[in-house]
Amino acid sequence: MNQRLAQIALVVNDYDEAIAFYTKKLNFILIEDTTLSETKRWVVVKPNGEGGCNILLAKAANEEQRSRIGNQTGGRVFLFMHTDDLKRDYENFIANNVEFVRQPSEEIYGTVAVFKDLYGNLWDLIQPK
């Protein structure tokens with residue numbers, strides 16, 4: 001058996017503002033932006049690098065989904081992004097006005113910093129040991 005997590009859905013308020021944040025502030029790659037209807041698009045981004053999981057930017061379609069924007073995990077860290085150079089990425093993110101809620105620190109598993117995306121979802125940026 002060969003299984004892997006290919007992509008996850010992240011509920012967003014607006015496709016274009018989400019694309020701008022992920023591609024311009026986090027330097028993600030826009031993989032696909034396909035119009036499916038007047039109100040729905042298939043928008044996929046991914047971190048710059050090999051392998052890993054893509055993110056489907058899914059625009060909230062109703063009030064219940066809108067209530068989850070920025071808080072899909074009840075305030076816990078939601079996404080974990082590994083890097084080969086935390087100092088480089090941290091400095092680039094700071095220069096792009098990404099908000100960090102926890103500065104880089106050394107942990108048993110590597111160096112980690114916690115930042116918010118444009119909606120407030122928490123991300124761990126990790127340089128594993």
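Everything quoted here is computed from the prediction, not taken from an experiment.
- E107 is linked by a side-chain hydrogen bond (donor to acceptor under 3.5 Å, both in side chains) to R102, S105, counting only residues two or more places apart in sequence or in another chain.
- Residues V77, F80, V101, I108, Y109, V114, L122, I126 make up the rest of the hydrophobic cluster containing V112, defined by ILVMFWY side-chain heavy atoms closer than 4.5 Å, directly or through other members.
- By the criterion of side-chain heavy atoms lying less than 4.5 angstrom apart, applied directly or through intervening Ile, Leu, Val, Met, Phe, Trp or Tyr residues, L118 is not grouped with V44; the two fall into different hydrophobic clusters.
- Of the residues listed (F100, F78, Y90), the one engaging F115 in a ring-ring contact (aromatic ring centres under 6.0 Å, His included) is F100, and it is the only one.
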Donor-acceptor contacts under 3.5 Å from residues 24-31 side chains, at least two apart:
from	atom 1	to	atom 2	distance (Å)
K25	NZ	N96	O	2.7

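- Of the listed residues (K129, Q127, E106), just one forms a side chain to side chain donor-acceptor pair (under 3.5 Å) with T111, and that residue is E106.
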Sequence neighbours excluded and cut-off under 3.5 Å, please list the side-chain donor-acceptor pairs for residues 47-58, or say none.
none

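- Other residues, nucleotides and ligands contribute at most 12 non-hydrogen atoms within 6.0 Å of the CD atom of E64.
- Nearest heavy-atom pair across N71 and N121 is N-OD1, 3.5 Å.
- Linking ILVMFWY residues whenever their side-chain heavy atoms come closer than 4.5 Å, directly or via other members, leaves I8 and W42 in distinct clusters.
- F21 and D117 get closest at one heavy-atom pair: CZ-CA, 3.5 Å.
- From E32, atom CD reaches atom CZ of R41 across 11.5 Å, with rounding to the nearest 0.5 Å.
- With sequence neighbours excluded, the residues forming a side chain to side chain contact (heavy atoms under 4.5 Å, CB included) with A61 are Q65, listed by chain and number.
- In terms of modelled atom types and a separation under 3.5 Å, the side chain of Q72 and the main chain of V11 share a donor-acceptor contact.
- Going from atom CZ of R68 over to atom CD of E63 covers 10.5 Å, rounded to the nearest 0.5 Å.
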Review point. Stepwise, does the side-chain contact (heavy atoms from CB on, under 4.5 Å) test hold for Y15 with K40?
Key: CA-CA 9 Å; Y15 292 117; K40 189 173 183 179; 3.9 Å; yes
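- Using a 4.5 Å heavy-atom cutoff, the side chains of T83 and R88 are in contact.
- Distance check, rounded to the nearest 0.5 Å: CG of N13 to CZ of R66 gives 8.0 Å.
- Rounded to the nearest 0.5 Å, atoms CG (L86) and CD (E91) are 9.5 Å apart.
- By the salt bridge (Lys or Arg N to Asp or Glu O under 4.0 Å) test, D14 pairs with no residue at all, sequence neighbours left out.
- Side-chain N/O atoms of E17 and Y119 include a donor and acceptor closer than 3.5 Å.
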